[in-house]
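What follows is a short report on a single structure.
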Protein chains: 2
Amino acid sequence: MANEHSGTSGEQRESKARRRDAAATRAAILASAIAAFARHGYDGIGVREIAQDAGVTAMLVNRYFGSKEQLFAEAVDTSFAPRTVIPEDPPALARELARRLVARTAPGAETLDPFLLMLRSAANPRAAEIITQGIERHAGRALANLLDGDAAAQRAMLANALIAGVWLFRTVLGVDALARADPAELTVRIERMLAAVLNVPGEEA
Amino acid sequence: MANEHSGTSGEQRESKARRRDAAATRAAILASAIAAFARHGYDGIGVREIAQDAGVTAMLVNRYFGSKEQLFAEAVDTSFAPRTVIPEDPPALARELARRLVARTAPGAETLDPFLLMLRSAANPRAAEIITQGIERHAGRALANLLDGDAAAQRAMLANALIAGVWLFRTVLGVDALARADPAELTVRIERMLAAVLNVPGEEA
DNA sequence: AGTTTATGTCTACGTTCGTAGACTTAGTGG
DNA sequence: CCACTAAGTCTACGAACGTAGACATAAACT
């Protein structure tokens, strides 16, 4: 029961026992941080747990990232970087966004989304600043560039606001009326709300 | 500079120096807790600060409410209890909800809303459970009762989801595209989104 | 092989947290 | 006037937090 001196027993969940490789270790810490911040939020997780999930000790985290706050900043920046492409024409856009949202927020889906990281870390003022920068730099701009008409940034953010609210109620809180709703029905309603702000006025289908 | 033995110096922000009155003290603690949880979230505030703002010591909080968690539960229940009446017919409902939301989330408004308490405390799992109960018991039901058509609870929660998202982006995070938007323009867009889910289908104005 | 350097760990510090138990003070009835 | 009880405070503990500095070890170069 004493502390095993060798790392052969399953302490870290990341991989087997990484040989000394700075880049790989850094990446493992960052991946562990992204997952942990999404699951527990900035204030809900400690550097010791993040380090353990990456198979290292807490001090190495600070040696690679400077501080917990800087680690969070890099986690946000990485997590919010767009990965998936989205259709360009607004009607298909609203439909696709609604479809993906409902699928990813399904109960028991265990998805780790930037929106989760945002929702669970926004209470901390310093974390909120970092998140705001990430949102404006990545998610907001990517969506706004696809929109026609004026006030594209504002309309894109309103769409993101609805998406964030659905994430909050369905996944973070688990409110029954949304979490246990019929997926198809829910998708249609969200699509209508998104279309009301994404589509250019004058062509409501 | 020593600790003053009498309470005449302005330590507590609540009132002057309340004489021994159990009910008033309890109410002061609860009011302080509601404000503190809305401003900093469940994990962002300590019972010592809550107590100090109410003009008492930390131990009295636990003597009146049992624990921080039970204090939070009572704060949620009190904060979410509906106070303002809302119009009954759906078109006016969407308009009024949008108007109030934009007004209350205006930059520098310093409003303390249950939605703020929810957003800043949702990261903590125990707090999330308590909030979910509060939402379903108060905010969800009040709105759903006003809606015609089927799936009233689901549609009411989608409206709440959008409202929560706007609170998040405008007030908690301070995203420019929404926080610095023209209020009238923003109100119209939110009203359209709300109408898309609140109004019964078939009569889009 | 031997030395150097990057890579990772150990111990420990100062705070802050929620809260438990003993103590003190103010108001009230005899 | 005195005792009794409700109202409130003081001290303290055990745990968890971020992180700083000294130390250990594995890989690489000559």
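A, B, ... follow the sequence lines: proteins, then strands. Residue 1 opens every chain.
Distance CG (A:Asn62) to C1' (C:dT9): 14 Å, rounded to an integer number of Å. Between B:Lys68 atom NZ and C:dT16 atom P the separation is 15 Å, expressed in whole Å. In this structure, CG of A:Leu60 is placed 15 Å from P of C:dA6, rounded to the nearest angstrom. Put simply, CZ on A:Arg26 is 16 Å from C1' on C:dA6, counting in whole angstrom units. Spacing between atom CZ of B:Arg48 and atom C1' of C:dC17 amounts to 6 Å, rounded to whole angstrom units. A straight line from CE of B:Met59 to C1' of C:dT24 spans 15 Å, rounded to a whole angstrom. Across the protein-nucleic acid pair, A:Glu69 atom CD and D:dC17 atom C1' stand 15 Å apart, rounded to whole Å. One can place CD of B:Gln52 at 15 Å from C1' of C:dT16, the figure rounded to the nearest angstrom.
Put simply, the side chain of B:Arg63 and the base of C:dT19 share no donor and acceptor less than 3.5 Å apart.
For CZ of A:Arg100, the number of neighbouring non-hydrogen atoms (other residues, nucleotides, ligands) closer than 6.0 Å is greater than 12.
Phosphate contact (OP1/OP2 of C:dG8, side-chain N/O of A:Thr25, threshold under 4.0 Å): present. At least one side-chain nitrogen or oxygen of A:Tyr64 sits closer than 4.0 Å to the OP1 or OP2 atom of C:dG8.
Contacts of B:Ile45 with the nucleic acid, taken as non-hydrogen atoms under 4.0 Å apart, involve only primed sugar atoms and P, OP1 or OP2.
Atom CG of residue B:Leu71 and atom CG of residue B:Leu30 lie 6.5 Å apart, to the nearest 0.5 angstrom.
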- Message: Using the rule given for side chain to side chain contact (heavy atoms under 4.5 Å, CB included), can you reason through B:Ile135 versus A:Phe169, listing the C-alpha separation, both sets of side-chain angles and the distance that settles it, and then say yes or no?
- Response: CA-CA 10 Å; B:Ile135 273 266; A:Phe169 283 173; 4.1 Å; yes

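For the pair B:Leu93 and B:Glu88, the minimum side-chain heavy-atom distance is 4.5 Å or more.
For A:Arg20, counting side-chain heavy atoms from C-beta on, the closest listed nucleotide (D:dA7, C:dG18, C:dG8) is C:dG8.
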